[in-house]
Amino acid sequence: MRLLTALLLSVGLVFAQPASPPESILLNRIRAHVARDLKRLPNYTCIETIDRTQRSGLAHEVDVADGLRLEVAMVDNKELFAWPGADSFEDRQIGDLVQDGVIGSGNFAINATSVFLTDAASFIYVGDCELEGKKAVLYTYMVPVSNSRYKIRVPPKQAMVGFHGAFWVDAGTLDLMRLEVVADNIPAELGIAKVTEVTDYGRVEIRGEKFLLPKQSELVTLDLDGDENTNRARFSGCRQFTGESVLTFGDVQPEAPGLKHAVTTPIDLPPDLGIELKLETEVDANTSYVGDPVMASVASNVKQKGRVVIPKGTLAHGRITKLEMSFRDDEIRLGLRFSTLQLENGRAPFRAKLKFTDAIIDRSRGAGTTARSQVPIARVPVDDAMLPSGTLLVRIPGNRLKLPRGYRTFWRTISTGSEETQ
């Protein structure tokens with residue numbers, strides 16, 4: 001899937017008063033009400049779970065499906081992203097974090113902030129309507145490219161475009177219910193024909209108060225070849241972003257999940273150590289997502305010259321890097337990467353190559369259960385032998401896959417200089 005980041009930054013509005021005084025008064029009330037909601041928002045963070053599908057122009061059914069789980073924060077009117085359980089949020093674009101497939105930003109809060117808290121779009125009153133069984137008021141709006149900062153990226157190319165859309169508010173409370181954003185006049189050189197995003201809002205309780213936050217959104221992109229990508233995102237677990245949270249700015253390496261406030265002194269492992277890991281986190285293609293933390297434990301003492309270097313039970317931290325269902329090819333593509341060993345006296349980067357693994361059985365065809373099988377990695381379906389250290393990447397026929405707790409992999413450590421693809 002092509003990488004595309006649709007990023008809506010601060011947008012100026014050229015405000016046009018409706019012709020009718022009652023409609024003008026209503027629009028001013030709506031803008032003031034939504035603006036108050038947005039301005040009183042605390043710095044906060046939520047878990048964003050995204051289900052992605054890809055459909056080719058000739059297909060009537062989904063070709064490829066995968067999912068992502070991210071932690072997104074709104075801090076000082078800026079969207080920040082991190083993998084769940086990471087030590088910190090980073091001040092970089094979401095496309096730098098998620099480097100595969102179609103991904104968008106702005107649905108968390110920036111889109112609404114841009115439309116209602118700036119000064120530069122024209123609005124048109126449409127009238128009363130009904131949305132999800134509630135009486136609503138509908139307006140459309142338009143922002144020309146001259147006043148827009150809506151950016152579409154198809155690396156290495158990008159372009160600023162104008163946009164238009166609509167918004168629905170509750171007729172009684174004036175709460176924002178839904179916001180639609182549609183990109184205009186996308187340059188042909190990007191290869192994108194259409195970008196549309198719809199976000200639904202609702203009241204969410206944070207520390208005893210209810211705030212207006214996004215509940216779910218849908219981003220649809222259509223390229224010039226007729227291929228369609230759809231991202232359906234939902235937000236959960238929203239909480240205030242406190243002073244105990246960590247912010248980092250600049251080019252930093254991601255830390256292993258779940259190691260907040262751990263000892264920061266890195267420990268280099270000797271090369272050529274054999275390490276057997278036993279999975280402590282179940283991985284299920286039906287419930288797991290890319291970005292989910294995974295944990296394994298060292299199955300037995302690792303010794304060098306008779307001395308225990310890595311004790312049995314030492315935890316290895318990592319995350320899911322790929323979990324993609326290809327209906328066209330009838331297979332699942334799974335990637336795991338372990339990044340850190342948590343030792344008693346500090347943590348060690350997990351620089352190791354996979355050598356053996358438990359067999360992975362195609363459960364969708366009734367082939368039995370996962371069985372122990374010490375076989376060379378060359379006999380296990382692998383995408384690429386030249387993988388980054390700590391990485392397992394396989395293709396499994398069928399559409400069901402579960403790696404249970406206890407699933408074992410066998411690795412051999414390498415020296416820092418021998419990491420060809422980090």
Side-chain angles (χ1 to χ4, degrees), residues 1 45-54 62-72 81-86 94 97-103 216 229-237 254-259 277-297 315-327 329-340 350 354 357-365 367 369-371 380-383 387-388 390-409 411:
M1 289 187 285
T45 177
C46 300
I47 296 296
E48 181 177 8
T49 304
I50 307 171
D51 292 300
R52 306 193 296 183
T53 58
Q54 182 183 34
V62 171
D63 292 328
V64 179
D66 72 353
L68 304 171
R69 201 162 355 240
L70 301 164
E71 192 163 359
V72 54
F81 299 90
W83 294 117
I94 190 172
L97 187 66
V98 181
Q99 299 181 353
D100 183 30
V102 174
I103 193 68
Q216 59 190 25
N229 292 278
T230 301
N231 290 8
R232 293 183 176 89
R234 58 190 184 276
F235 300 92
S236 62
E255 300 290 346
L259 298 182
L277 295 181
K278 183 175 62 175
L279 198 62
E280 299 291 343
T281 306
E282 180 180 88
V283 178
D284 189 331
N286 292 322
T287 58
S288 300
Y289 283 80
V290 171
D292 283 354
V294 293
M295 189 165 58
S297 62
L315 295 179
H317 296 267
R319 66 179 66 256
I320 300 172
T321 58
K322 181 183 286 290
L323 188 48
E324 183 178 85
M325 295 186 184
S326 174
F327 300 101
D329 300 326
D330 189 28
E331 67 180 18
I332 292 178
R333 300 154 190 168
L334 169 68
L336 304 178
R337 185 174 186 184
F338 294 100
S339 58
T340 306
F350 189 71
L354 182 64
T357 179
D358 276 358
I360 302 175
I361 303 299
D362 177 13
R363 292 170 178 265
S364 67
R365 304 181 192 278
T369 59
T370 301
V380 176
V382 178
D383 277 339
L387 293 173
T391 301
L392 163 68
L393 187 59
V394 295
R395 295 174 182 264
I396 309 300
N399 55 23
R400 294 178 60 195
L401 170 66
K402 181 183 290 186
L403 298 188
R405 290 188 61 187
Y407 179 82
R408 294 171 185 254
T409 54
W411 309 76

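Predicted, not measured: the structure shown is a model, and the values here were computed from it. What's counted below: heavy atoms across the whole structure, side chains too, no hydrogens, waters or symmetry copies.
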Only counting residues at least two apart or in another chain, list the ones meeting side-chain contact (heavy atoms from CB on, under 4.5 Å) with [X].
{"X": "T281", "value": "V294, M295"}
{"X": "D284", "value": "E282, N286, T287, S288, K402"}
{"X": "S297", "value": "K278, E280, L315"}
{"X": "A285", "value": "L323, M325, I332, L401"}

Do [X] side-chain atoms and [Y] backbone N/O form a donor-acceptor pair below 3.5 Å?
{"X": "T391", "Y": "R337", "value": "no"}
{"X": "Y407", "Y": "D358", "value": "yes"}
{"X": "T357", "Y": "T409", "value": "no"}

Is any side-chain heavy atom of [Y] closer than 4.5 Å to one of [X]?
{"X": "L279", "Y": "R405", "value": "no"}
{"X": "V72", "Y": "T45", "value": "no"}
{"X": "Y289", "Y": "T49", "value": "yes"}
{"X": "L334", "Y": "T321", "value": "no"}
{"X": "R319", "Y": "F338", "value": "no"}

R69: which of I50, D292, V290 passes side-chain contact (heavy atoms from CB on, under 4.5 Å) =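 When I50, D292, V290 are each tested with R69, the side-chain contact (heavy atoms from CB on, under 4.5 Å) holds only for D292.
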Compare every heavy atom of [Y] with every heavy atom of [X], then report the nearest pair and how far apart it is.
{"X": "W411", "Y": "L277", "result": "NE1-CD1, 3.5 Å"}
{"X": "L70", "Y": "W83", "result": "CD2-CZ3, 3.4 Å"}
{"X": "T340", "Y": "F350", "result": "N-CB, 3.9 Å"}
{"X": "P84", "Y": "P293", "result": "O-CG, 3.4 Å"}

Spatial distance of atom [atom1] ([X]) from atom [atom2] ([Y]) [nearest 0.5 Å]:
{"X": "N231", "Y": "E48", "atom1": "CG", "atom2": "CD", "value": "9.0 Å"}
{"X": "R333", "Y": "I396", "atom1": "CZ", "atom2": "CD1", "value": "12.0 Å"}
{"X": "N229", "Y": "Q54", "atom1": "CG", "atom2": "CD", "value": "5.0 Å"}
{"X": "L403", "Y": "L336", "atom1": "CG", "atom2": "CG", "value": "6.5 Å"}

Could you list the residues that satisfy side chain to side chain donor-acceptor pair (under 3.5 Å) with Q216, not counting sequence neighbours?
->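 If we apply the side chain to side chain donor-acceptor pair (under 3.5 Å) test to Q216, skipping adjacent residues, the hits are D200.
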Charged N to carboxylate O below 4.0 Å: is that the case for R232 and D51?
->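 So R232 does not pair with D51 through a salt bridge.
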Output all residues satisfying salt bridge (charged side-chain N to carboxylate O under 4.0 Å, His left out) with E71, sequence neighbours left out; order by chain, then residue number.
->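 R239.
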